[in-house]
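Working notes, structure below.
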Amino acid sequence: MNYKEVIEELKTLVYKWDNIQKACDHMILAAVLWWSSDIHLEPLTSYVRLRYRMDGELREILEYQNFLHSGIVARFKIMSDLKIDESRVPQDWRISTTIDWKSLDLRVSTLPTVHWEKVVMRIVDKSKKIPKLLDLWIDWKNLDIIQKAISLPNWVILTSWPTWSGKSTTLYSALTDLNKENVNIMTLEDPVENQVDWLNQSQVKPDIWYTFAYWLRTALRQDPDIIMVWEMRDKETVDIAIEASLTWHLVLSTIHTNNAAETITRILNMGVQPFLIPASVNAIIAQRLIKRLCPQCKKPHPMSEIWKDTLANIKNAINLTDRDELTLRVWDKLKSPVFYKAVWCEACDNIWYKWRVWIYEVLEITPWVKEMILSWQSAYNINKQAIKDGMISLEQDGIMKALNWLTSLEEVYRVAKTQGS
């Protein structure tokens with residue numbers, strides 16, 4: 001069965017309400033066949049809606065009546081070993097299953113709302129092989145910087161990210177490249193998304209004070225070579241991570257910021273002394289996921305239909321950098337540019353895009369950037385200097401991917417708007 005047939009059968013099951021177990025199984029099956037990343041069951045005032053997240057965006061699948069929801073919630077709680085009779089507080093655990101020859105983990109989370117409990121299930125394909133950094137569509141200049149950074153025995157490497165930016169894949173890919181018989185790799189995650197045999201993985205448990213900072217102090221007594229901390233949330237964690245890098249450990253972590261330059265000001269605002277950042281941080285990676293054009297229905301976008309200010313933004317973005325190789329590479333294509341746009345077809349289910357691709361910016365701590373950090377310069381000025389020193393911005397990387405017909409200009413400027421240029 002394909003996902004459309006499963007959804008049609010699911011609608012019939014919900015309408016007739018004669019097999020709750022099969023209905024719940026079909027909710028999961030349809031999401032997996034449709035390559036969805038999350039399942040949302042949302043109780044509203046007069047109905048409950050089922051939505052799937054596909055390529056980063058939620059799509060409504062069907063609606064059903066409120067009185068049916070308690071049975072569905074109970075079924076998913078049974079499947080994930082949660083307390084059926086507890087609806088006052090959030091709960092979370094996981095379902096392990098195999099669908100279409102894929103070994104899957106579904107991270108189940110319940111949350112009380114004014115109507116009933118909302119259920120969200122994150123789908124993790126355990127059978128999917130962790131990609132190498134080479135497979136992540138990273139521009140070769142950015143890839144060279146990242147590979148050099150992770151090849152060093154110490155320093156801190158940070159990824160800055162919003163939700164749904166693909167940072168988990170980037171971190172796991174970097175650890176895959178670092179995995180060797182002679183290194184001890186330890187990770188603390190929240191939660192553990194992929195269980196990998198060759199990693200020493202641990203999960204944060206704040207309710208028993210097993211925090212990032214507490215784990216870091218303990219991990220340093222476990223003779224690690226490489227440490228991956230899921231997130232820098234507070235000054236204590238940052239301080240210990242910096243200390244670990246200064247004592248000859250390679251530390252990988254993430255932090256919530258809009259771009260690479262803002263990561264520096266975020267760390268400074270946490271109370272870290274400016275001189276410690278260039279002494280410990282080697283590279284800061286910002287990333288986004290943008291949708292790829294469907295290869296079967298994309299078509300050339302006539303230049304006459306592209307806004308003049310969009311073309312001006314493109315040329316301005318490319319001109320910001322002093323890196324000759326980037327300017328020449330892109331400028332040759334901009335002399336007679338060909339962009340593609342989304343149309344629609346049955347292959348992409350009339351949503352114009354299929355799958356996603358990464359765009360990156362990688363900020364190195366150059367001598368000029370170091371001076372700006374020490375003088376407490378703003379993120380805006382640091383970003384401008386980094387681009388001038390050769391950093392490929394998110395916008396520039398998106399433009400290059402649009403010129404290579406992987407995505408559209410609309411998608412580039414939807415996701416990677418000009419950051420401080």
Side-chain angles (χ1 to χ4, degrees), residues 34-38 51-60 136-139 142 160-167 169-170 257-260 262 285-321 326-327 329-361 383 387 391-421:
W34 214 354
W35 295 91
S36 304
S37 61
D38 294 82
R51 295 197 293 176
Y52 294 159
R53 188 176 291 278
M54 300 173 55
D55 291 336
E57 294 186 358
L58 285 168
R59 298 190 68 191
E60 185 168 326
L136 299 185
W137 298 93
I138 306 176
D139 178 85
N142 284 338
S160 68
W161 54 283
T163 306
W164 302 110
S165 62
K167 65 97 177 52
T169 302
T170 300
T257 55
N258 288 323
N259 60 22
E262 286 185 11
I285 305 165
Q287 63 184 82
R288 300 288 189 279
L289 279 170
I290 59 175
K291 291 184 286 189
R292 293 180 62 183
L293 288 168
C294 174
Q296 297 191 32
C297 65
K298 66 181 180 182
K299 71 175 186 178
H301 194 164
M303 295 301 294
S304 59
E305 295 180 7
I306 299 176
W307 291 84
K308 289 184 179 180
D309 57 350
T310 300
L311 293 175
N313 286 339
I314 291 170
K315 292 185 178 181
N316 178 58
I318 299 304
N319 277 329
L320 283 173
T321 183
L326 172 66
T327 306
R329 256 192 301 157
V330 179
W331 206 259
D332 284 345
K333 290 191 173 184
L334 284 176
K335 289 177 182 176
S336 54
V338 178
F339 295 102
Y340 273 67
K341 67 177 181 178
V343 194
W344 66 271
C345 71
E346 290 296 325
C348 61
D349 196 41
N350 300 346
I351 56 175
W352 310 336
Y353 297 92
K354 200 169 186 181
W355 317 126
R356 290 187 289 175
V357 64
W358 284 263
I359 57 173
Y360 288 88
E361 67 180 20
N383 186 66
I387 293 174
M391 181 182 78
I392 300 173
S393 69
L394 289 168
E395 182 184 12
Q396 290 169 342
D397 197 25
I399 291 167
M400 287 192 289
K401 287 183 169 63
L403 283 167
N404 289 318
W405 310 340
L406 289 172
T407 190
S408 65
L409 286 175
E410 291 83 0
E411 179 66 7
V412 170
Y413 281 98
R414 181 186 73 85
V415 175
K417 294 178 181 178
T418 305
Q419 300 276 351
S421 58

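Keep in mind that this is a model prediction, so the values were computed, not measured. The chain is numbered in sequence order, starting from 1. These numbers come from the heavy atoms of this one structure, side chains and all, not from hydrogens, waters or symmetry mates.
When all heavy atoms of V412 and E395 are compared, the closest pair comes out as CG1-O, 4.3 Å. Of all the heavy atoms in L394 and N258, the pair that sits closest is CD1-O, 4.5 Å. In this structure, I285 and Y360 approach most closely via the heavy-atom pair CG2-CD2, 3.6 Å. Heavy atoms only, all atoms of each residue included: S408 and A402 are closest at C-CB, 4.4 Å. Taking all atoms of both residues into account, the shortest heavy-atom contact from D397 to W358 is OD2-O, 4.4 Å.
Not counting sequence neighbours, W137 has no partner by the ring pair (Phe, Tyr, Trp, His ring centres under 6.0 Å) test.
Residues Q396 and D139 are not in side-chain contact: their nearest non-hydrogen atoms beyond the backbone lie 4.5 Å or more apart. Within the 4.5 Å cutoff, the side chain of R51 has no heavy atoms near those of the D38 side chain. Considering only heavy atoms from C-beta on, T407 stays 4.5 Å or farther from R292 through its side chain.
No donor-acceptor pair closer than 3.5 Å links the side chain of K401 to the backbone N or O of I359. A donor-acceptor pair under 3.5 Å links the side-chain atoms of Q287 to the main chain of G166, judged by distance alone. When atom types are taken as modelled, the side chain of T257 and the backbone of N259 share a donor-acceptor pair closer than 3.5 angstrom. Judged purely by atom type and a 3.5 angstrom limit, E361 has no side-chain atom pairing as donor or acceptor with the backbone of A286. A donor-acceptor pair under 3.5 Å is formed between the side chain of E411 and the backbone N or O of K291.
The aromatic rings of Y52 and W34 sit perpendicular, their planes meeting at an angle over 60°, well past the 30° parallel limit.
Remark: L289 CG to D55 CG distance equals 9.0 Å, nearest 0.5 Å. Summarising the geometry, atom OG belonging to S165 is positioned 6.5 Å from atom CZ belonging to R288; distances are rounded to the nearest 0.5 Å. The structure places CG of L136 at 7.0 Å from OG1 of T169, a figure rounded to the nearest 0.5 Å. The distance from atom CG of L403 to atom OH of Y340, rounded to the nearest 0.5 Å, is 12.5 Å.
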Test log, rule side-chain contact (heavy atoms from CB on, under 4.5 Å), inputs M391 and N383: CA-CA 9 Å; M391 181 182 78; N383 186 66; 3.6 Å; yes
Verdict with reasoning, I399 to Y413, per side-chain contact (heavy atoms from CB on, under 4.5 Å): CA-CA 9 Å; I399 291 167; Y413 281 98; 3.7 Å; yes
